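In each ligand, atom 1 is the first atom listed, and ligand 1 is the first ligand listed. All values derive from a computational prediction rather than experimental measurement.
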Amino acid sequence: MVVGSGRRNFSSVGFIGLGNMGNSMAMNILKKGFKLTVFDINKSAMTNVIEAGGKAAPNVSDVAKNSEIVITMLPANDHVWECYTGKNGLLSTVNKDALLIDSSTIDPLVSQKLSVETLKKGAKFLDGPVSGGVVGARDATLTFMVGGGKQECERAKPILEAMGSRVVHCGDVGMGQVAKLCNNMLLAISMIGVAEAVNLADRLGLDPKVMNSIINTSTGRCWSSEINPPVPGIIDSVPSSNDYKGGFTTSLISKDLGLAQAAATRSNALTPLGSVAQQVYRTIMLHGFGDKDFSSVYQYLRGNK
Ligand code: NAD
């Protein structure tokens, strides 16, 4: 097999899971001229991709049959496991030497088990979760955190670079997920921290917008204060200025915090703030914030105002 020989290596690409992220990622693959077969259990999720030249498969196994490389972008562990190992799953028809890349955010342990099952079929597996959100997916500026063989990572690069601007090889299978979970745990903690600090300032009589701007030129500065501030009216295009719609939902960050806590328990790592962050986000989900951007923790701390 030729390594890193450019996109001719993959004349046929498959994509499964055309939701908020996957739809744009699939569109960017098409824009780069790859032949693409897609599947989603929700038929309407595929409409625009088919109109743009993609071919709809009737099921997952058909995608595997027709593709040298398959990318999955599904919600969580169970969806990915079923998609691979189910009765008509990817592994039921995967081509020998095919490359399967899972870009969903899931448990590293599940990625490692999927790799073992994939190898049994003579194919290769990479975990390749992403950061950059729906905007990064739309603009093809995602960062891919890749776990698996270096050779496979090189082989995947032309297709990953069609969807993102950075591909980082993190180590063996599962290490992409480890990178993703650790980053998102920190992100959740920092978002709660910014929201808490700004809300306290407000309660003490300081304008929250002024406080947010002070943070941005002080030592508390971070992505959550600068790029996606939880205070409405600072940046027009971010979720907080749009009733916390769009962006990265509270239910997705809760899922990632749960995965981080499970991994921390397995490895005996102390993650006190990660654990509290998970409880905070689970709490606000119970209060109906599940579909809102995770910066809505600020709204919750203010008593829904
Ligand atoms: P989503 O729910 O919008 O999309 C998932 C898609 O998978 C849906 O279209 C659904 O119909 C489809 N699907 C579910 N089960 C299926 C199956 N068995 N076969 C085929 N299709 C199936 O989710 P999303 O926001 O696109 O996120 C996908 C993954 O990416 C998640 O693991 C998430 O944590 C991760 N992620 C999301 C973001 C974000 O900002 N949304 C950012 C980075 C990573």
Side-chain angles (χ1 to χ4, degrees), residues 14-28 37-50 54 56-64 67 70-92 100-108 110-111 114 127-146 160 163-164 166 176-177 179-185 187-188 191 223 227-228 238-239 244-260 281 290-295:
F15 203 106
I16 298 170
L18 303 165
N20 290 329
M21 297 291 290
N23 191 288
S24 300
M25 292 162 76
M27 289 296 278
N28 285 328
T37 306
V38 297
F39 177 73
D40 194 296
I41 46 169
N42 173 11
K43 282 204 169 69
S44 66
M46 297 188 280
T47 310
N48 63 324
V49 179
I50 295 159
N59 50 45
V60 167
S61 60
D62 203 70
V63 175
S67 310
V70 179
I71 298 134
T72 42
M73 194 58 175
L74 298 165
N77 286 339
D78 292 351
H79 306 85
V80 181
W81 183 257
E82 180 63 22
C83 178
Y84 271 69
T85 65
K87 190 162 170 273
N88 292 310
L90 287 173
L91 297 182
S92 67
L100 305 182
I101 306 172
D102 179 43
S103 284
S104 328
T105 304
I106 62 166
D107 193 317
V110 174
S111 303
L114 287 171
D127 53 307
V130 298
S131 72
V134 287
V135 173
R138 185 195 65 203
D139 298 345
T141 55
L142 293 170
T143 291
F144 282 86
M145 295 157 258
V146 181
L160 300 183
M163 301 179 279
R166 207 159 168 244
Q177 298 293 354
K180 172 73 185 170
L181 296 186
C182 293
N183 178 71
N184 277 18
M185 183 178 81
L187 175 65
M191 182 57 83
W223 185 91
I227 311 293
N228 194 39
V238 301
Y244 299 95
K245 291 191 189 108
F248 187 48
T249 62
T250 292
S251 56
L252 279 180
I253 197 97
S254 274
K255 179 200 74 165
D256 294 356
L257 286 164
L259 292 171
Y281 275 110
D291 292 332
K292 292 188 177 197
D293 182 69
F294 77 119
S295 62

Test your reading of the model: is there a side-chain donor-acceptor pair from [X] to the backbone of [Y], 3.5 Å cut-off?
X      : Y      : value
Asp127 : Gln177 : yes
Asn23  : Ala45  : yes
Lys255 : Thr105 : yes
Asn184 : Leu187 : no

Identify, chain by chain and in numerical order, each protein residue with a heavy atom under 4.0 Å from an atom of ligand 1.
Ile16, Gly17, Leu18, Gly19, Asn20, Met21, Phe39, Asp40, Ile41, Asn42, Met73, Leu74, Pro75, His79, Ser104, Thr105, Val130, Gly133, Val134, Lys180, Phe248, Leu252, Lys255
Set of ring-ring contact (aromatic ring centres under 6.0 Å, His included) partners for Phe294, sequence neighbours left out
Phe248
Counting only heavy atoms from other residues, nucleotides and ligands, does the tally under 6.0 Å from CG of Asp291 exceed 12?
no
